[in-house]
Amino acid sequence: MAKRIYLNLDLCCGCRSCAAACAYGHHLQLLLGHSKMGREAELPLHCLHCEQPACAAACPNEAMQKQEDGLVLRSHFKCVGCRSCAVACPFGVIQPDLAKQIVPKCDLCADRLAAGERPRCVQTCTSGALTFEEIDQQVVEEGKNLISARILANFIGRRR
Amino acid sequence: MVTTHCLFCSLGCPVGLRAGGIDYQGPLCTRGHYNLELVNHPARLRAPLIGKRKVGWEEAFAFIRQELKLFAPESIGIVVSALSSNEDAYMAAQLARALRISNISAAGEESDLEAYEGDSWEVEGAALATEEDVESAEALLIVGDLLTRAPVLSRRVNKVKYGKRGNKIIVVAPDRNRTAWFATRHVQVDPGTEARLLCGDDPALNEFNSASSGAILFVPGKNKARNDLCAYFCKRLSVLSPSKKYAVYYMFGNTEGVSTVLRREGAGIISYSKLLDKIESGEIKALLSFGGDVLPPRPGLRLLKFSARTDFFNGSSMLDSENSVVLPLASHLEAEGSYTLGEGRYEHLRPVAPAAGAKTNAEIISLFLGEAFSREGIRRVIKEEKIARTVDLQEKIKEAEQITPAAGISPENITHFGNNLLVKNFFWYRANNKNG
């Protein structure tokens with residue numbers, strides 16, 4: 001079963017250690033963004049590695065591709081820095097700022113995963129807010145139902 | 001992979017280092033990440049500088065010797081950075097004694113050193129809070145913005161907050177800061193009046209005292225927080241009920257160790273703020289700094305502001321700086337030393353990387369000592385001192401007479417503070433040139 005990064009906002013103290021570790025591991029290319037939630041908390045913007053990635057669909061050069069193991073990875077060679085994926089991403093986790101002429105994209109620290117270790121951001125999290133856990137299939141199904149219900153409700157509301 | 005410790009605050013988190021860079025053993029904050037980068041920084045200083053001009057070590061020391069002759073010992077000051085090890089502080093104190101310099105002080109965050117003053121006032125029965133004490137506490141009393149200074153502690157704070165129903169986190173701070181967001185109770189005081197609250201009869205304090213076990217965590221503040229009084233009253237609070245313990249978190253790793261060693265060894269130790277006042281009034285004209293500005297210049301440091309006022313400013317530094325003479329300094333990853341960290345911990349670090357071109361603090365100070373003594377004659381100085389400083393100096397002379405020649409201070413010989421081997425190495429130059 002594949003593993004993903006989970007965030008518990010109750011624990012997060014907004015120290016940005018995850019962003020620092022990310023920059024360190026990826027040759028000072030900041031793949032992990034941050035957004036402020038009011039004045040109280042900061043939200044690390046992790047890539048969710050969607051089942052049907054909009055960024056991959058939007059990419060004109062097939063640089064973004066979903067791998068067999070479920071990771072959505074960006075090719076260094078194919079990416080031309082057109083920012084189509086940043087526009088397409090519904091969660092806003094791909095930042096429009098280019099680094100070295102290409103778009104920064106979370107690769108879930110594939111080198112560390114191959115070595116059997118956790119991603120850098122999870123390893124360095126000071127408060128224990130970030131965890132690396134297996135995908136709970138039940139939660140996924142519930143989420144799908146919620147999304148479909150929301151779309152349906154929205155649809156009905158518009159028809160009226 | 002080698003394991004060492006980050007020393008950029010007194011928490012001292014363990015860090016793993018690989019050939020490529022940092023590996024992540026455990027939680028590490030942004031400050032630790034980016035300061036450890038200085039070791040492999042492209043702008044790292046590899047040769048001494050005299051006014052932006054690269055020179056050799058011998059030329060630099062000839063220049064320093066020539067310049068120092070122009071100043072009386074009363075107008076020379078020595079600062080030892082709070083990032084240097086206990087041994088370095090000891091050797092700097094010896095240097096001050098040899099040069100008859102009466103102005104020696106630990107350097108670092110001014111508020112921290114103020115707090116250390118209060119922390120050193122003796123109170124009977126005060127106990128330091130260890131890691132387990134903080135995690136198992138039922139109530140935390142946090143004075144100041146703890147999580148901004150040491151975000152790694154948020155793991156422990158969270159353990160207390162979500163560990164058991166009814167656990168309390170009381171934060172005393174003037175502003176609604178990051179730590180206050182975690183608090184179950186935030187006591188908002190006027191800036192600088194934390195000490196008044198701690199010695200008074202506040203409902204928040206009663207709530208804290210009613211818990212069966214607790215820890216008082218104090219972070220020195222910048223806004224005239226009466227840091228010394230705060231540290232003192234935190235200590236007093238921990239005495240009032242025996243289940244409460246206290247800890248002070250400093251900005252620089254070895255603030256406590258350097259200050260303690262200098263106080264014990266330094267003949268003319270003065271407080272850091274007093275030294276800065278002396279620079280401001282023009283009483284101190286030349287300044288020697290050891291352990292240097294290892295951190296990049298920050299506007300808050302008064303020392304950097306005043307360095308322009310001194311006629312001669314020698315500093316050891318990892319990066320280029322505004323000093324008259326800059327000596328390339330090895331970081332704590334490249335030198336051996338012992339450090340007194342917060343929470344009563346004591347770490348002995350071994351070098352994990354070679355210092356290319358740079359010299360460790362101990363080597364620089366021993367070079368200084370060599371210069372000073374070859375001119376004045378070590379034996380005369382020590383003998384004169386002996387009259388005033390009684391027994392232990394006599395023992396040191398005996399040890400010095402027994403030593404074998406050594407080619408400098410080797411890592412095996414530098415052990416923790418108070419070891420005689422260090423004293424032996426302190427006299428290594430004497431064995432090298434017997435006529436000197």
* **Which atoms of A:Ala23 approach chain B - backbone, side chain, both or neither, heavy atom under 4.5 Å** => side chain
* Do B:His332 and B:Asn254 have side-chain N/O donor and acceptor atoms under 3.5 Å apart? -> no
* Asked: Is the shortest side-chain N to carboxylate O distance from A:Asp111 to A:Arg120 below 4.0 Å?
  -> yes
* Asked: What side chain to side chain donor-acceptor pair (under 3.5 Å) pairs are there with at least one residue in residues 134-147 of chain B, not counting sequence neighbours?
  -> B:Glu138-B:Lys164, B:Glu138-B:Ser212, B:Asp145-B:Thr148, B:Asp145-B:Thr179
* To do: Select, from A:Gly128, A:Ala21, A:Cys12, the one with the greatest count of heavy-atom pairs under 4.5 Å involving chain B.
  => A:Ala21
* So which part of A:Cys18 gets closer than 4.5 Å to some heavy atom of chain B, the side chain, the backbone, both or neither? -> neither
* To do: Specify whether B:His33 and A:Tyr24 have parallel, tilted or perpendicular ring planes, treating 30° as the upper limit for parallel and 60° as the lower limit for perpendicular.
  => tilted
